[in-house]
Amino acid sequence: MIRNITKQFGDSKANDNVHLTVRSGEVHALLGENGAGKSTLMNILYGLYKPTGGQIVYRGEEVVIDSPMKALSLGIGMVHQHFMLIPAFKTWENIILGTEGDGKLKVDVRIVRERILTIARQYSLQIDPDARISTLSVGLQQQVEIAKALYRGAELLILDEPTGVLTPPEKAKLFETLRSYANSGHSVIFISHKLDEVMEISDRVTVLRGGKNVATENTADMDKQKLARLMVGRNVDFGVQKDSFAGETSQVLSVHNLVVPGNRLVSSLKGVSFTIRAGEIVGIAGVDGNGQAELAEALTGLRHVEQGEVLLGGQNIKNISPRRVIDTGVALIPEDRKSVGTVKNYTIDQNIILRREKAPSASRHGMLAYKRITRRTDEMIKEYDIRYTGRYLPVSALSGGNLQKVILAREISANCRLLIAMHPTRGLDVGAIEFVHAKLLQAREKGTALLLISSELEEILALADRVFVMCDGRFAGELTQRNITMENIGMLMGGETLAAQKEGEADA
Amino acid sequence: MRKHSKNGDVLDTARTILYSILAAFLVSMVFILALGVNPLSAFAAMSAGVFGRAYGLAETVAKATPLIIIGLGITIASRGGLANLGGDGQYYMGALSSICVGLFLPKGTSPMIVWVLAFMAAVLFGAFWGGLAGFLKARFHTSEVIITIMLNYVALYLVGALVNGALQAPGGIPQTRALDKAYQFVKLIPGTRVHAGILIGLVLALLVWLLFKKTTLGYRIQTVGESPRAAQYGGINVKRYEVIIMGLAGAAAGIAGMVDVYGVHFRVLEGITNGFGFTALLIALLARLNPLAVVLGSLFISALTVGANAMQIQMNVPTSIVNVVQSLIIFFMLILPGIRKRRLSRRKHGGGLAVAAPADPQTTVVG
Ligand SMILES: Nc1ncnc2c1ncn2[C@@H]1O[C@H](COP(=O)(O)OP(=O)(O)OP(=O)(O)O)[C@@H](O)[C@H]1O
Ligand SMILES: [Mg+2]
């Protein structure tokens, strides 16, 4: 139980007298807008932040948790969104890392392996103790992270946005694990922006807004709309309105038979072709890691293209430098917001001018124009509702969703001919997603060609005018207009082919 | 750009540096005691050596000049995420190329022309020597640390070969001929070694400060240093910038060589740099890569050296004690922030967390 927790950063409170009671045997969802203070609260509970005030009562006793070690010794485990595994180590080595001391010098691998397998069986985790982490998919790595917490005897498991990177089957697996874990008397705190998931997995839900408690309810008494209203304080439109695409505009991007070599760990592109017209949104659906990232990088000069043709407005942009790609009018929302999309030690202002520091809005004759930069950043902060605790703090102090908004603001407002958006709304709250979708459609109205790469089928369905399903570096099929349905996408993702596509496959 | 955090940061940094210096002096007192000398009188001799006479102050400034200029170059490199350990080699290249200009232009060329050409030669050759390491890194992923160190030896032996050969002055001493009197920098204070070079150093400090404060070039260099992946995404050609960054660092060190040749030595011989590159690296770290602080840091370190000379003469304490102090300062600068953080967190938790609410606004963040 958490009582009256306050956490202050500078002059503002990320948590303001927050209460949270988690019972044993329950999955407790923690909801709230971007910047509401969810991660901060959990970091306090896990001993990563020191609360400014308040106390934590665990099993009836007041406790001081001043380090993750302390949290673990109390039985509190946490799985971060960014995993902390060592890729070169084997699964069992990662799992016992930090516990191997125990006074003995030698680790009895047999016993360790046995214990890991017992835990895995008990909570239906899919663990191979001898698999090297670098060979595991994201979903499997997450299972290792969970096993790691359970191996240390965690009885309260905290998961901060665990589902963002999972495929639907991986997600189902995770939920199964969480269920059996809770059923054996343990507790789970589950943070997610996906209300469907919250409805599905949680027993109770606590909503935070602006660092304060809004409500704690039984999930059974709630529905998506009610939850959304509690979170953002207004009604949220889940569907977006959009006119159908006329299809008579000029071609902006034309990609022909694109081949990109892969290396050991990343997949390659094995010949993809498509076009995007002005004012059209082309969606790329598919399980992450099937070449989507490589496609985005190849189109923006960040990855070498071996073969094929890339034309932007008729002009060849294959293998030209990233700088020239930017200058010809291509915006990119990258997959990795933390280490690619932003510079963590830079302020919001400094990040807003990334990629376009030479533009008139940022500099003149090589001299940075601070007044203009600040004014523009102010506008974007307002428009995109970026919430911060200090205007001139490095962006590492922003919440995950707000960091994403910095990138969105920068790339969408660049008004480019082509906007390539990878998982644009990953980590955003429902209100922000609604806003960003509206923004993307607005860009489409203005004639921007959009390449939307997303593993969220709902997002693809809501926005895309045409959809390609990507599978193992190829397009498994194309869907247009009325064909764009959950079922069809699912079928193509599952490796089945729609009848009409069969011949195309044969000569690819 | 960082209005709010800035004050706190600067204060914190200043405090760390001050404590480090104090701690270093305290520890070095033990060494001095061990030599059988009263540390207090040793320090008194030291400060008298610096502040007690015009010569001491002037010498401090003169000695600081090359350190400032090399340190500025290292500041650029380190902000760009690269380590330049080749200050000495680049300094030699600047010295060599600029003396050649002074020696081989026809007699009677106007000093201004000689200076400008010598300066350009020093920039060019220094930049080449530094840029080479950047190029090798960009091209073959070789560590710039190792390459710059190796290039120091190459430059040193090149100087050795030339002052014993092609450039050797008549008389058999391994050194070049001296510059014509007309080409030597004017002394700012007659009778001392303070020459116009310090002005060049100050102007450069201002320029480097502007570079990072105001220019897109500085922004790009810093972005490369902060995150090469974000830089690449940002349209910055990281490999090219590695060459540019090391080139700039080398150019600065080259200028230092030229300034010393035209202001102090008037000729080139082996040993005109006395580990300046390494000292300047320490200074750049001490200054937390702030160009203006590099000036202060250089003055401080060179005052130590000048004071140590006086101390050696008067108290018979070896000048190497200065090296001990220098190293200790860096040592304490590295460990003090960690100690402070631990102390803070212990204090926070010691009293329990019974009090709810109004908070200490200065809570530090872990991690
Ligand atoms: N280290 C820090 N220094 C200063 N402010 C911080 C720090 N960490 C978080 N904050 C601020 O605290 C507030 C809450 O952040 P937190 O990460 O808890 O949000 P969140 O609810 O997890 O949001 P999201 O859904 O976007 O992940 C934000 O305004 C954020 O900017
Ligand atoms: Mg968060």
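Each chain gets a letter, A, B and so on, in the order the sequences are listed, and its residues count up from 1. Quick note: numbers below take in every heavy atom, side chains included, and nothing from hydrogens, waters or symmetry partners.
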Greater than 12 external heavy atoms within 6.0 Å of K212(A)'s NZ: no
Looking only at side chains, do Y346(A) and T223(B) share a donor and an acceptor under 3.5 Å apart? yes
So CD of Q350(A) and CD of E226(B): to nearest 0.5 Å the spacing works out to 8.5 Å
Using 0.5 Å steps for rounding, measure from the CD atom of Q232(B) to the OG atom of S321(A). 10.5 Å
Which pairs of donor and acceptor atoms, one on a side chain in residues 69-79 of chain B, lie under 3.5 Å apart (sequence neighbours left out)?
residue, atom, partner, partner atom, Å
T75(B), OG1, G71(B), O, 2.7
S78(B), OG, I74(B), O, 3.1
R79(B), NE, L289(B), O, 3.0
R79(B), NH1, Q222(B), OE1, 3.1
R79(B), NH2, L289(B), O, 3.0

R364(A) versus chain B, the contacting section by heavy-atom distance below 4.5 Å: neither
Let me know if S339(A) has heavy atoms under 4.5 Å from chain B in its side chain, its backbone, both or neither. both
Should we say atom CE of M69(A) is surrounded by more than 12 heavy atoms from elsewhere, each under 6.0 Å from it? no
Given the rule in the side-chain contact (heavy atoms from CB on, under 4.5 Å) test, do K358(A) and R220(B) qualify, once you have shown the distances and angles that lead to the verdict? CA-CA 10 Å; K358(A) 288 274 193 199; R220(B) 289 177 171 188; 3.2 Å; yes
Residues, nucleotides or ligands: over 12 heavy atoms within 6.0 Å of R15(B) CZ: yes
Straight-line distance of I407(A) CD1 to Y233(B) OH, nearest 0.5 Å: 6.0 Å
Closest heavy-atom pair, L368(A) versus K213(B), reported as atoms and distance to 0.1 Å, is CD1-O, 4.3 Å
So with a 6.0 Å cut-off around CZ of F125(B), is the heavy-atom count from everything else above 12? no
Can you tell me which of V340(A), V343(A), T342(A) forms the most heavy-atom pairs within a distance under 4.5 Å of chain B? V340(A)
Write down the atom of E357(A), the atom of T216(B), and the distance for their closest heavy-atom approach. O-CG2, 3.4 Å
Spatial distance of atom CD1 (I236(B)) from atom CZ (R355(A)) [nearest 0.5 Å]: 10.5 Å
So does K70(A) have more than 12 non-hydrogen atoms from other groups sitting under 6.0 Å from NZ? yes
Interchain contact, D327(A) with chain B, by part (heavy-atom threshold 4.5 Å): neither
For K318(A), what residues pass the salt bridge (charged side-chain N to carboxylate O under 4.0 Å, His left out) criterion, not counting sequence neighbours? none
F212(B), CZ atom: more than 12 neighbouring heavy atoms under 6.0 Å: yes
Considering only heavy atoms, which portion of L354(A) lies under 4.5 Å from any heavy atom of chain B: side chain, backbone, both, or neither? both
